[in-house]
Amino acid sequence: MMSLTETSILAVAKTQYHYKTKAHAGLFFTLIAVQLLAFLLSLNGVGGSSGGGNQGISYTIKYVTGDVIIIFTLIWAFSIGISMANNGFKTDFTFVSNRLSSHLSSLAFLLTATVIAGVTATLCGLLLRVVMFLSHGGVDAGPAFWIAPTALLSGIFAATLYAALLSIIGYFIGMLTQRHPAFVVLLPGLFFGTLFVEARSTGQARTLINAIEFFSKEGSYALFALKVVIVSAIVFGCVILFFSRMEVRK
Amino acid sequence: MNVVDCSGLTKTFGRTTAVNNLSFTLAPNKITGLIGRNGAGKTTLLKMIAGYLLPNAGSIQVFSENPFNNIKVSANMVFVDENMVLPATMNLGEILESAGSFYAHWDHKLAVGLFTYFNLHPGQYHSKLSKGMRSAFNAILGLAARCPLTIFDEPTTGMDAAVRKDFYRALLKDFMQRPRTVILSSHLLNEINDILDDLLLIKDGEKCLHMPIDELKEYAVGLQGKEETVAEMAEKAEVMHWKKLGKDSVYMAVRNQFAEEELQKARLEGVAISPVAADDLCMYLTARNKGGIDDVFDRN
């Protein structure tokens with residue numbers, strides 16, 4: 001008989017990772033499109049702009065920030081998590097795969113994608129500043145215009161971590177909906193339901209705000225990173241645990 | 001060592017039992033035909049062997065291991081059917097390259113050779129192919145992967161007669177160069193009859209027959225003659241099929257357990273004895289009613 005091939009999960013996951021980057025190259029075009037859109041929306045300033053006039057001089061204050069770019073990028077990260085989960089098993093099991101190798105290669109792909117997204121989102125914010133600077137005559141930019149490389153790096157760092165966290169949550173949700181289609185209705189219902197009920201009773205969506213502040217209020221970069229890594233690891237661990245008996249192509 | 005070893009295998013979906021208490025073993029380096037009617041449970045069985053589905057009861061061993069979630073079984077097995085999921089963003093050339101990176105014994109020369117022969121172009125996309133072309137491409141993946149266990153689930157769906165013939169010939173040629181265990185499911189036995197070593201016939205999820213194809217040729221015998229003579233013989237044998245031919249003449253297919261003298265005697269009484277073709281036999285064995293479709297029309 002033909003000799004049996006011995007292989008390891010990591011070796012297979014590596015091959016799958018290469019395969020996935022090729023198969024999902026199109027997702028990066030959507031990233032560019034999403035960031036471009038956010039960039040264009042940001043040009044006109046975000047939030048309420050205020051203005052006034054005094055002694056014949058009128059002025060308008062516009063807040064221009066890269067926040068929209070980051071938010072759009074995070075939504076993209078969430079959605080690629082879902083799409084990896086939707087395609088994952090079905091595509092992987094056409095060739096060599098088991099459940100763990102499929103998850104690991106998806107994770108590796110998501111991390112690669114979110115690093116790229118984190119870098120491009122931050123640089124896009126930078127571009128916004130430059131465009132603002134040039135379009136306003138380049139004068140009186142003030143000391144706040146200059147961004148120190150460390151600040152830039154920490155921006156990339158934070159954006160990447162947020163994107164990674166959201167993509168892994170997206171992956172988990174995507175797997176749930178693969179498990180049972182009812183989750184497609186159930187999960188958004190649950191999410192918006194609690195949001196709505198809380199907002200009505202207390203005037204604030206406390207749970208969501210608490211969840212966000214758990215990360216955003218963290219002053220130390222190391223602790224912030226630790227929090228993201230631990231939460232991501234828990235979610236990813238749940239993915240491996242919950243779906244290890246899931247059937248393929250039922 | 002057996003390549004596949006099933007015992008008491010059962011799989012249900014809700015209330016339907018797709019595979020019911022199935023036990024069999026497949027020896028290495030043989031081409032086994034898995035034959036059954038639509039809905040007999042062929043695909044479910046193959047998906048359990050491939051490790052896609054979990055059985056509800058019974059055990060299944062592939063290369064002496066449980067195939068479910070098993071990386072070793074997956075690395076040594078390829079499952080080809082019309083629903084293979086391939087990325088819509090990659091063209092056929094890229095898919096072939098990627099497929100090659102997964103399998104240790106991948107034969108790229110063969111893949112490219114077949115690819116060109118079947119008139120496929122590297123720039124085409126899988127989702128844009130016609131049904132027959134897609135089946136041909138999937139079959140190429142299955143052949144070139146050269147896995148110790150190669151499973152084809154109705155591989156010829158949509159292929160025209162010429163392509164089907166070529167595919168079976170390619171399968172046989174490649175098999176002779178590199179023997180491996182092949183499971184080929186189909187409901188058309190006459191097409192694959194010539195290349196099979198063994199036949200596994202299932203009906204309603206249960207095993208009906210599992211034997212070498214050569215023995216199958218002697219399994220049954222067809223008797224045609226006067227009704228009373230044939231009916232008399234029918235009492236002593238297991239009747240699989242019974243058909244009225246004319247006013248007084250009938251044809252029946254029975255399990256061949258007659259002694260040579262008995263057949264000789266029958267011949268003298270004017271009964272014509274003929275072999276039963278393998279595909280007819282399978283049809284008789286899996287038929288739901290003995291009389292077949294004629295019964296529906298002969299009711300009044």
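Both backbone and side-chain heavy atoms feed into the values below; hydrogens, waters and symmetry mates do not. In what follows, chains carry the letters A, B, and so on, assigned in the order in which the sequence lines appear, proteins first and then strands, with residues in each chain numbered from 1.
The structure places CZ of B/F63 at 9.0 Å from OG1 of A/T5, a figure rounded to the nearest 0.5 Å. B/W106 contributes atom CH2, which lies 7.0 Å from atom CZ of A/F95 (distance to the nearest 0.5 angstrom). The line from OG of A/S97 to OH of B/Y52 is 9.0 Å long, rounded to the nearest 0.5 Å.
There is no contact between B/N138 and chain A, counting heavy-atom distances below 4.5 Å. Interface remark: B/K11 contributes side-chain atoms only to the contact with chain A (heavy atom separation under 4.5 Å). With a threshold of 4.5 angstrom between heavy atoms, A/T94 approaches chain B through its backbone and through its side chain. Interface remark: B/M90 contributes side-chain atoms only to the contact with chain A (heavy atom separation under 4.5 Å). Neither the backbone nor the side chain of B/L149 comes within contact range of chain A; no heavy atom of the residue lies under 4.5 Å from a heavy atom of that chain.
Each of A/K20, A/K22, A/Q16 was checked for a side-chain contact (heavy atoms from CB on, under 4.5 Å) with B/S98, and the lone residue meeting it is A/K22.
What you find for B/P148 and A/S3 is that their closest heavy atoms are CG-O, 4.0 Å.
The greatest number of non-hydrogen atom pairs below 4.5 Å with chain A, out of B/A75, B/A104, B/A88, is found for B/A75. Annotation: maximal heavy-atom pairing with chain A below 4.5 Å, among B/E94, B/K47, B/M77, occurs at B/K47. Of all the listed residues (B/N83, B/V78, B/T44, B/V80), the one sharing the greatest number of non-hydrogen pairs under 4.5 Å with chain A is B/N83.
Judged purely by distance below 3.5 Å, without hydrogens or angles, the side chains of A/N98 and B/S74 never pair a donor atom with an acceptor atom.
Remark: the backbone N or O of A/R99 is paired with a side-chain donor or acceptor of B/N69 at under 3.5 angstrom. With B/T89 contributing its side chain and A/H24 its backbone, the two residues share no donor-acceptor pair below 3.5 Å. A side-chain donor-acceptor contact under 3.5 Å links A/E247 to the backbone of B/L54.
Side-chain contact between A/T7 and B/K72 is absent, with no heavy-atom pair separated by less than 4.5 Å.
Under a cut-off of 6.0 angstrom, the local environment of CZ in B/F13 is crowded, with over 12 non-hydrogen atoms contributed by other residues, nucleotides or ligands. The 12-atom threshold is exceeded at NZ of A/K227, counting heavy atoms of other residues, nucleotides or ligands nearer than 6.0 Å.
Taking the six-membered ring for Trp and the full ring otherwise, A/Y19 and B/F102 have centroids separated by under 6.0 Å.
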